[in-house]
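Reading through the structure tokens given below for one structure.
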Amino acid sequence: MAKEKDLTGRRFGMLTVTGRTEEKKDRYRVWQCRCDCGGEILADTKRLSRGTITNCGCVPKKSARNGSIAEDLTGRQFGNLTVLHRVKNHKGRTCWQCRCSCGGKHIASAHDLKCGKVKSCGCLRHQKEQGIRDLTGQQFGRLTVLYHTRGRDRKGSVMWHCRCSCGRELEVSEDGLVHGNYRSCGCLKQEVQQQIVTRLTKVDDTCVEWLEKRKHRKDNTSGFRGLCLRKDGRYRVTIGFKKQRFYVGTFRDFDDAVKARLEAEELIHGGFLKAYYQWKEQGEKEPLIFEVKKENGEFQVHSNIII
């Protein structure tokens, strides 16, 4: 299959191609173009390369002036409307089929389009009547707002149909967009998580950074990490290490439970960190071994590094 030519930056008459769109017309790529007069227009490769279109319409054909042939508005944008193709005349006026940015279609006369009487399929009027804030075309992170829907979230916020820079489309509430809760379709979060993973230091199924910066979990109900408040009012203490969870003990007093947890952290987590940095200083000549077992109710640590 022949590689598609990139027309970005090329000139065709008064038009300069500014960018590629994802649309195709009759199997030809559609391009965003800027006219020397400042206007913008969409045109496909075929019409550009053959010279069928050389301006945004600011220079009508001579035949259009005497009325024998109507001015071609195909691809031009008027408000939220993009002209698709010409349709049957109505009451002696040239009419055009248009696509609105909300996804709807609308037929309008050339006169109404060029004088600004018609700018949408009716969605703008509906937004104004419903008191809807117009976010069409605005950018929020990687999301570009396309059009509003009739949907509402549980708070009554308007749902907007958006396109992410990765190409995926989704619906997001106005509150989610304006308050910065949504910046992409989810691809940004995945990329950040992947970058974090590559920056973490994992040794023997243990993340050094997580041990160094232990934090209190939001879903913890006891008030301290590793402590679980049982129904009988006692605190069950556990500690995790190398994909295992070890039982420390059960305590009636909260302070005793915290103390036991901190002692376990110092022995296991703290011991591993000391062994890791000692292993680094020794030049990582052999694999680091740091094993934890519980024998006769006591934790036993076995390592090939002398701390």
Is there a path of hydrophobic side-chain contacts, each under 4.5 Å between heavy atoms, that joins [X] and [Y]?
| X | Y | result |
| --- | --- | --- |
| Ile41 | Leu81 | no |
| Phe241 | Leu288 | yes |
| Leu262 | Phe272 | yes |
| Tyr247 | Phe224 | no |
| Phe299 | Phe251 | yes |

If every non-hydrogen atom of [X] is compared with every non-hydrogen atom of [Y], which pair is closest and at what distance?
| X | Y | answer |
| --- | --- | --- |
| Ser173 | Asp153 | CB-OD2, 3.5 Å |
| Trp279 | Pro287 | NE1-C, 4.1 Å |
| Ile268 | Ile239 | CD1-CG2, 3.9 Å |
| Leu113 | Leu73 | CD1-CD1, 4.3 Å |
| His269 | Gly240 | NE2-O, 2.9 Å |
| Ala110 | Trp96 | CB-NE1, 3.7 Å |

- For Glu298, does the CD atom sit with more than 12 other heavy atoms under 6.0 Å from it, leaving out its own atoms? no
- Count the heavy atoms belonging to other residues, nucleotides or ligands that lie under 6.0 Å from NE2 of His90, then report whether that count exceeds 12.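 No.
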Other members of the hydrophobic cluster containing [X], with the 4.5 Å side-chain heavy-atom rule, please.
| X | result |
| --- | --- |
| Tyr147 | Leu146 |
| Ile107 | Val87 |
| Leu42 | Val30 |

Can you measure from [atom1] ([X]) to [atom2] ([Y]) and round to the nearest 0.5 angstrom?
| X | Y | atom1 | atom2 | result |
| --- | --- | --- | --- | --- |
| Cys37 | Asn55 | SG | CG | 7.5 Å |
| Leu170 | His161 | CG | NE2 | 7.5 Å |
| Arg168 | Ser184 | CZ | OG | 9.0 Å |

- Query: Pairs in or reaching into residues 104-118: which pass salt bridge (Lys or Arg N to Asp or Glu O under 4.0 Å), with residues at least two apart or in two chains?
  - Reply: Glu71-Lys114
- Hey, could you give me each pair passing salt bridge (Lys or Arg N to Asp or Glu O under 4.0 Å) that has a residue in residues 12-23? Not counting sequence neighbours.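 For residues 12-23: Glu4-Arg20, Arg20-Glu22, Glu23-Arg99.
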- Message: Looking only at side-chain N and O atoms, does Thr18 offer a donor or acceptor that is under 3.5 Å from a partner on Gln32?
- Response: no
- Message: Looking only at side-chain N and O atoms, does Thr45 offer a donor or acceptor that is under 3.5 Å from a partner on Arg29?
- Response: no
- Item | Within-4.5 Å side-chain heavy-atom neighbours: Leu227 and Arg261 | yes
- Message: Applying salt bridge (Lys or Arg N to Asp or Glu O under 4.0 Å) to Glu266 and Lys274, what does each step give before you reach the verdict?
- Response: CA-CA 10 Å; Glu266 179 62 25; Lys274 291 177 182 178; 3.6 Å; yes
- Item | Ion pair check, Asp253 and Lys259, cut-off under 4.0 Å | no
- In plain terms, say whether Lys46 and Asp44 are close enough for a salt bridge, that is, a side-chain N and a carboxylate O under 4.0 Å apart.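 Between Asp44 and Lys46 there is no salt bridge, as every charged N stays at least 4.0 Å from the carboxylate O atoms.
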Please list, one pair per line, the donor and acceptor atoms closer than 3.5 Å that link side chains of residues 5-13 to other protein atoms, with sequence neighbours excluded.
| residue | atom | partner | partner atom | Å |
| --- | --- | --- | --- | --- |
| Asp6 | OD1 | Thr8 | N | 3.1 |
| Asp6 | OD1 | Thr8 | OG1 | 2.8 |
| Arg11 | NH1 | Thr16 | OG1 | 3.0 |
| Arg11 | NH1 | Asp36 | OD1 | 3.1 |
| Arg11 | NH2 | Gly13 | O | 3.1 |
| Arg11 | NH2 | Asp36 | OD1 | 3.4 |
| Arg11 | NH2 | Asp36 | OD2 | 2.9 |

- Query: For Phe246, is the NZ or CZ atom of Lys294 found under 6.0 angstrom from the centre of its six-membered ring and inside 45 degrees of the ring axis?
  - Reply: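 So Lys294 doesn't make the cation-pi contact.
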- Given Phe254 and Tyr235, is the ring-ring contact (aromatic ring centres under 6.0 Å, His included) satisfied, shown in steps? CA-CA 7 Å; Phe254 176 76; Tyr235 295 92; 5.4 Å; yes
